[in-house]
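Reading through the structure tokens given below for one structure.
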Amino acid sequence: MNYAPDFLLRAYRTMRTIRAFEERCVVEFEKGNIPGFVHVSAGQEAVAVAACIDLDDKDVIASTHRGHGHCIAKGCDVVGMMKEIMGRATGLCKGKGGSMHIADIDKGMLGANAIVGGGPPLANGAALAAKTLKTGRIALSFGGDGSANQGTVLEALNFAVVFRLPHVFVFENNGYAEGTAASYAIGAESLTERNRAFGLPAECVDGIDFFATYEVMKRAIDRARRGEGPSAIEALCVRFDGHYIGDPQRYRAKGEVERARAEQDCLKRFRERVTAEGWLEEEALDRIDAEVAALIDRAVEEALAAPRPDPATDLLSDVYHSY
Amino acid sequence: MNYAPDFLLRAYRTMRTIRAFEERCVVEFEKGNIPGFVHVSAGQEAVAVAACIDLDDKDVIASTHRGHGHCIAKGCDVVGMMKEIMGRATGLCKGKGGSMHIADIDKGMLGANAIVGGGPPLANGAALAAKTLKTGRIALSFGGDGSANQGTVLEALNFAVVFRLPHVFVFENNGYAEGTAASYAIGAESLTERNRAFGLPAECVDGIDFFATYEVMKRAIDRARRGEGPSAIEALCVRFDGHYIGDPQRYRAKGEVERARAEQDCLKRFRERVTAEGWLEEEALDRIDAEVAALIDRAVEEALAAPRPDPATDLLSDVYHSY
Amino acid sequence: MFSESRTTHPGGKSSVKTYREALNEALRQEMRRDPTVIVLGEEVSGGAGCPGERDAYGGVFGVTKGLLPEFGAERVLDTPISESAIVGAAAGAANNGLRPVAELMFFDFIGVCFDQIFNQAAKFRYMFGGKSRTPMVLRATVGAGFRAGAQHSNMLHPIVTHIPGLKVVLPATPYDAKGLLIQAIRDEDPVIFLEHKLLYDLKGEVPDEPYAIPFGEAAFHREGDDVTIVAISAMLHKALAAADELAKEGISCDLIDPRTTSPLDEEAILESVEVTGRLVVVDEGNPRCGLAADIAALVAERAFHALRAPVRTVTAPHTPVPFAPELEDAYIPSVEKIVAAVREVLEA
Amino acid sequence: MFSESRTTHPGGKSSVKTYREALNEALRQEMRRDPTVIVLGEEVSGGAGCPGERDAYGGVFGVTKGLLPEFGAERVLDTPISESAIVGAAAGAANNGLRPVAELMFFDFIGVCFDQIFNQAAKFRYMFGGKSRTPMVLRATVGAGFRAGAQHSNMLHPIVTHIPGLKVVLPATPYDAKGLLIQAIRDEDPVIFLEHKLLYDLKGEVPDEPYAIPFGEAAFHREGDDVTIVAISAMLHKALAAADELAKEGISCDLIDPRTTSPLDEEAILESVEVTGRLVVVDEGNPRCGLAADIAALVAERAFHALRAPVRTVTAPHTPVPFAPELEDAYIPSVEKIVAAVREVLEA
Ligand SMILES: Cc1ncc(C[n+]2csc(CCOP(=O)(O)OP(=O)(O)O)c2C)c(N)n1
Ligand SMILES: Cc1ncc(C[n+]2csc(CCOP(=O)(O)OP(=O)(O)O)c2C)c(N)n1
Ligand SMILES: [Mg+2]
Ligand SMILES: [Mg+2]
């Protein structure tokens with residue numbers, strides 16, 4: 001495939017933004033600036049970006065508890081996100097949602113989801129709306145390897161096939177659901193074969209390779225846009241951090257994370273490829289790194305300065321449109 | 001395979017008992033002797049009997065809203081069943097359950113189930129108990145083609161594989177879920193392939209052919225008993241009656257039911273085969289028919305004469321073991 | 001006769017319709033008016049993929065009959081037996097330009113899709129800081145009396161009334177059925193719309209034109225000052241019979257049907273009790289953390305000084321719904337029990 | 001100090017333990033005593049199939065830590081994320097000779113498995129005419145205060161209290177945690193066992209020997225005759241603080257923790273109100289069809305003549321649980337609100 005420099009720069013910038021955002025979340029969490037519990041997606045950036053880069057604001061994604069990367073890839077404002085994750089009144093959800101429920105309807109981001117398997121049925125709905133209203137939009141849902149065993153996800157697959165919904169199911173297989181191995185919890189030999197048996201095209205891709213992942217996503221998205229129905233993509237990837245920030249990760253092998261960071265970093269791979277192919281210069285990438293770092297600094301700064309919600313006005317509002 | 005005459009007589013008697021029971025349910029329902037709504041399984045007898053004939057009381061089945069046949073095949077007392085279905089105090093469940101919730105724990109019959117997909121997770125539990133306690137027992141669940149799309153069933157399949165549970169999943173594919181075609185609601189090309197993709201042996205069998213069905217069941221049951229884990233069997237069969245008694249069945253083709261009754265009757269097939277092979281005499285079978293007819297007459301007679309529950313004592317009892 | 005309420009019903013012609021027909025008309029008229037209204041669920045038409053007729057059922061109780069022929073399979077979707085997928089599809093579609101009316105057939109099936117209702121649809125707006133709109137209706141049948149046993153006869157309205165973000169509607173008359181369903185479809189919030197299976201054949205005068213009954217406005221079915229009776233859904237009719245019987249003895253009841261349990265017309269109940277000083281709440285649901293307790297507590301907290309006698313609740317017992325007719329009949333609150341409760345609070 | 005109750009605690013040694021340790025000890029002792037007790041759920045040990053350590057979590061809150069090393073993978077089962085399968089397996093196994101203790105991690109996940117709880121486990125015994133036994137425990141964490149947002153912070157105890165056939169337990173102290181969990185495991189009925197996530201580190205004196213606290217017996221934490229306060233789970237501790245503050249002003253509260261909402265120790269509450277004539281119910285759940293309303297209604301119906309003031313309920317508002325700390329803190333009933341409610345009923 002031929003990639004325009006502009007596309008490559010955009011992909012890199014988004015991946016880098018996610019990485020920097022997530023790494024900063026860890027820092028701010030440890031400083032006590034982020035309440036609650038937070039799941040970061042560092043290491044999985046290529047999947048989020050490959051899945052979302054061809055989508056526009058009117059396409060819809062449904063995300064997971066590990067949703068920051070999906071948000072950023074879908075175009076959510078990182079300053080608004082950081083404010084939200086810090087529980088500020090001017091956050092994307094006025095501080096009412098937080099990391100696990102961050103959403104931005106205007107950007108077609110139908111919410112993180114703290115319920116494993118909560119998203120795919122909802123993305124079916126967005127796809128159904130697109131199909132019924134003939135908008136040409138598509139929906140895409142994210143889920144982990146663990147989510148694949150949730151009944152809601154399995155029935156959502158069948159439902160999408162029956163109605164030929166323009167819905168791309170993305171399963172990010174990072175090998176773990178909390179501290180349980182994907183290979184233990186998925187009884188099937190292959191998640192992709194199991195997905196395919198539901199009657200939709202299913203593929204498995206190396207989610208560390210942005211380009212391979214992008215090509216698979218593109219086929220599925222184009223297919224959905226042409227009205228040919230759903231697809232399921234399993235993207236093999238690596239979670240650089242614990243399940244949540246602070247997870248001691250005793251269930252992982254010694255050195256596993258270090259090795260992964262060294263050898264399976266999708267950002268490094270991207271950089272190597274685009275410079276080796278002569279598509280982009282190192283300097284352009286470095287410039288992006290610097291710009292992203294500044295953006296994240298600004299996001300944190302603004303978030304820390306942002307007002308906190310006021311219980312007197314904010315606790316009881318937004319439950320209903322009218323009541 | 002070699003079938004002992006005794007086995008064949010038992011199989012025939014059980015199938016005939018189910019048929020006669022179901023046909024009589026229709027009559028008694030129409031007379032107003034059976035309250036509520038009732039789903040009969042006439043036409044599907046071979047599956048129930050082939051699945052249960054090798055089980056003993058300590059093995060457990062979980063059934064469905066269309067459960068009379070499973071009950072009878074599992075050895076439940078037909079008099080007690082008829083009383084239950086008529087809501088009598090001396091029924092199998094003291095009249096509290098009715099057709100859709102009939103159960104007999106002593107016979108390893110863990111209940112019909114008015115919730116589509118309710119049974120397979122429960123049968124996993126029975127199988128888990130057998131495995132943990134090393135009793136050598138197995139569990140078997142029934143479900144329709146429609147139930148196969150329920151998330152609870154799909155996740156139960158995976159769960160059984162993960163724990164290698166001695167659980168045989170039987171899907172009775174009678175082509176319809178109420179008035180919806182199986183081929184419409186199951187997006188997959190093949191339910192059996194979909195089942196197999198979960199990582200367990202899956203087979204599809206002609207459920208009108210008792211012998212074919214029995215052989216498939218036997219393999220699965222033996223496998224479970226040997227501790228080799230679950231299997232899934234799709235049995236293609238025909239529902240002779242409506243979804244419920246009184247269903248106008250407008251969704252079926254003209255003449256479809258008549259043709260099925262004439263050409264796809266598992267009892268007729270059984271008779272033809274056993275007499276053609278010279279395994280049994282017509283007379284022996286006729287004698288069984290007569291005995292079964294008498295049994296069903298007696299069941300109805302006793303049920304009609306049986307006492308009704310007394311709200312003063314029966315309404316509030318049996319909610320808890322202690323409270 | 002229309003139920004009296006603060007809502008004035010529309011002018012124009014009216015005719016006698018069943019509760020079923022009133023619901024069907026509401027769906028039909030809203031689907032004509034608004035192309036974004038769709039219907040989905042199991043057997044909402046029936047016959048999908050089958051060799052025989054389509055629209056073979058039109059819903060298991062016939063409420064959606066005729067919608068498929070008029071609006072086509074793009075707007076009337078027969079689904080697999082996958083309730084989480086049904087509710088999720090409705091919730092997701094509602095956030096993306098449709099106004100789905102999903103059917104759960106029996107509300108007892110809530111157990112296989114409750115997450116999509118209470119954690120997703122109900123909470124979107126709040127979790128998303130007010131930016132989401134989820135204009136979906138979830139229709140289902142509730143209630144005992146059909147000899148359908150423990151898994152097809154529950155009310156379960158308290159469970160959804162408990163959940164912030166949901167609106168909960170239980171029409172008791174054909175008039176209310178039509179007006180409340182139209183409101184439910186036009187409403188911007190997720191609405192749980194519960195139809196009592198014993199009411200489908202109930203007849204009443206219903207305007208032919210579309211009209212919407214606002215939520216949170218009770219209907220006043222009898223006026224009186226001896227005692228306040230609050231009753232909803234099928235229980236309204238038992239309470240009406242009880243009130244009429246009591247009227248013969250000169251006992252006059254203020255009979256209120258809240259029609260929606262969330263929002264609840266608290267003022268109507270409190271104002272009535274201010275006058276009568278006595279309250280009987282009738283509800284077919286189970287008693288613990290139920291609707292009757294909810295209303296009793298409201299009054300004990302906010303109209304205590306007006307109360308001249310203990311509040312009395314008349315509910316189903318703390319048991320599943322039994323199958324045998326004798327037991328089921330004893331399970332459901334009866335006219336006699338309501339009459340007795342009223343007498344008790346008058347004597348107290 | 002043990003909570004006072006009609007149950008006498010066992011003799012023998014005791015030591016200071018956290019709520020978490022008390023629960024862990026209960027599980028361990030029962031598993032030693034009875035080989036049919038098994039534990040299953042997500043991450044109950046952690047590390048299944050992984051290259052690193054097993055028992056890596058021992059439950060996300062560490063309650064089941066150490067069980068896998070002691071009892072092995074046959075009795076401590078890490079499951080896929082399949083809650084209906086987990087609950088179904090527990091219910092089916094309970095009917096076939098095991099006493100499963102299933103863990104739902106967060107009770108907010110009830111939505112994906114509610115059918116197996118309320119239509120299956122809860123109803124077996126009744127539907128089957130008394131022939132079934134379902135001795136299973138479903139453990140889960142409840143409650144707000146963890147900044148975990150709308151889908152991980154609910155109470156939801158009213159929803160299960162509503163369901164006939166279930167028992168519902170919410171221990172508030174380490175002593176109660178151990179004794180009630182042992183009772184839950186030995187109980188022949190399905191028990192929903194709800195642990196408040198803010199209590200896991202709470203310390204208290206707990207007997208080392210096993211002991212069972214019967215269900216339906218309230219604990220009396222303060223004695224007084226000015227007002228009855230009923231509070232459960234984490235709210236007990238807010239109510240204790242409120243009672244202590246009020247005591248300084250000479251206001252004496254009768255503070256009752258029902259410990260189990262089903263069965264509910266109605267007598268303890270009614271007897272107390274007979275003396276005090278005043279009732280404040282504190283509950284962290286949402287208000288509509290909630291536990292506070294349930295108890296308020298009980299008193300309005302059965303102890304009305306003793307009541308000298310309106311009942312007051314102090315609950316969360318009718319909103320989802322917000323994420324931001326300021327909002328979440330305002331969501332949870334506070335000591336100040338309890339104190340104010342008591343003052344109000346005393347002044348009324
Ligand atoms: C219904 C439900 N069950 C369990 C959980 C607890 N939980 C949160 S994340 C998680 C693991 C999810 O694993 P996976 O789908 O692989 O996603 P990953 O965390 O690897 O991104 C679990 C069990 C939950 N939030 N919702
Ligand atoms: C959870 C749930 N959804 C829907 C229903 C209503 N219902 C009862 S039987 C049935 C069809 C079941 O079809 P299938 O599984 O093929 O069994 P069959 O009736 O053909 O024996 C439906 C939709 C139900 N009882 N439970
Ligand atoms: Mg994972
Ligand atoms: Mg079928």
Side-chain angles (χ1 to χ4, degrees), chain A residues 115-122 124 127-128 143-167 169 171 177 180-204 228-232 234, chain B residues 115-122 124 127-128 143-167 169 171 177 180-204 228-232 234:
Chain A
I115 301 300
V116 170
L122 298 166
N124 270 344
L128 178 63
D145 46 281
S147 80
N149 303 315
Q150 182 65 271
T152 57
V153 175
L154 294 161
E155 70 178 54
L157 279 169
N158 182 60
F159 194 92
V161 172
V162 169
F163 292 107
R164 257 177 112 86
L165 298 179
H167 177 176
F169 292 80
F171 292 94
T180 299
S183 57
Y184 169 88
I186 298 172
E189 297 227 335
S190 150
L191 174 57
T192 293
E193 294 305 325
R194 193 174 86 182
N195 287 339
R196 185 175 298 133
F198 277 82
L200 75 178
E203 295 195 60
C204 183
E228 290 168 20
S231 311
E234 176 186 9
Chain B
I115 300 300
V116 171
L122 297 167
N124 271 343
L128 178 62
D145 45 281
S147 80
N149 303 315
Q150 183 65 270
T152 56
V153 175
L154 294 161
E155 69 178 53
L157 279 169
N158 182 61
F159 194 91
V161 173
V162 169
F163 293 107
R164 256 177 112 86
L165 298 179
H167 177 176
F169 292 79
F171 292 95
T180 299
S183 57
Y184 169 88
I186 298 172
E189 297 226 335
S190 151
L191 174 57
T192 293
E193 295 303 326
R194 195 175 82 182
N195 287 339
R196 184 174 299 133
F198 277 83
L200 73 180
E203 293 194 61
C204 184
E228 291 169 18
S231 310
E234 177 186 7

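Chain naming here is simple, since letters A, B, ... match the order of the sequence lines and numbering starts at 1 in each. These figures come from a predicted structure and were not determined experimentally.
Each of I186(A), L157(A), N158(A) has some count of heavy-atom pairs under 4.5 Å with chain B, and the biggest count is that of N158(A).
Taken from CD in E228(B) to CZ in R164(B), the straight-line distance is 6.5 Å, to the nearest 0.5 Å. Note that the CD atom of E155(B) and the CG atom of L154(A) stand 7.5 Å from one another [nearest 0.5 Å]. Expressed to the nearest 0.5 Å, how far CZ of F171(B) lies from CZ of R194(B) amounts to 8.0 Å.
In this structure, L165(B) and F159(B) have side chains that are in contact, with non-hydrogen atoms separated by less than 4.5 Å. Taking 4.5 Å as the limit, some side-chain heavy atom of P120(B) sits within range of a side-chain heavy atom of F169(B).
Residues of residues 144-152 of chain B that come closer than 4.5 Å to chain A, counting heavy atoms only, are N149(B), Q150(B), G151(B), ordered by residue number.
For E189(B), the CD atom is loosely surrounded, since the number of other residues' heavy atoms within 6.0 Å does not exceed 12.
Heavy-atom distances place both the backbone and the side chain of Y184(A) under 4.5 Å from chain B.
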Can you give me every donor-acceptor pair (side chain of residues 195-202 of chain A, partner residue at least two apart or in another chain, under 3.5 Å) with its distance?
| unit_1 | atom_1 | unit_2 | atom_2 | d |
| --- | --- | --- | --- | --- |
| R196(A) | NH1 | E193(A) | OE1 | 3.2 |
| R196(A) | NH1 | E193(A) | OE2 | 3.1 |
| R196(A) | NH2 | A202(A) | O | 2.5 |

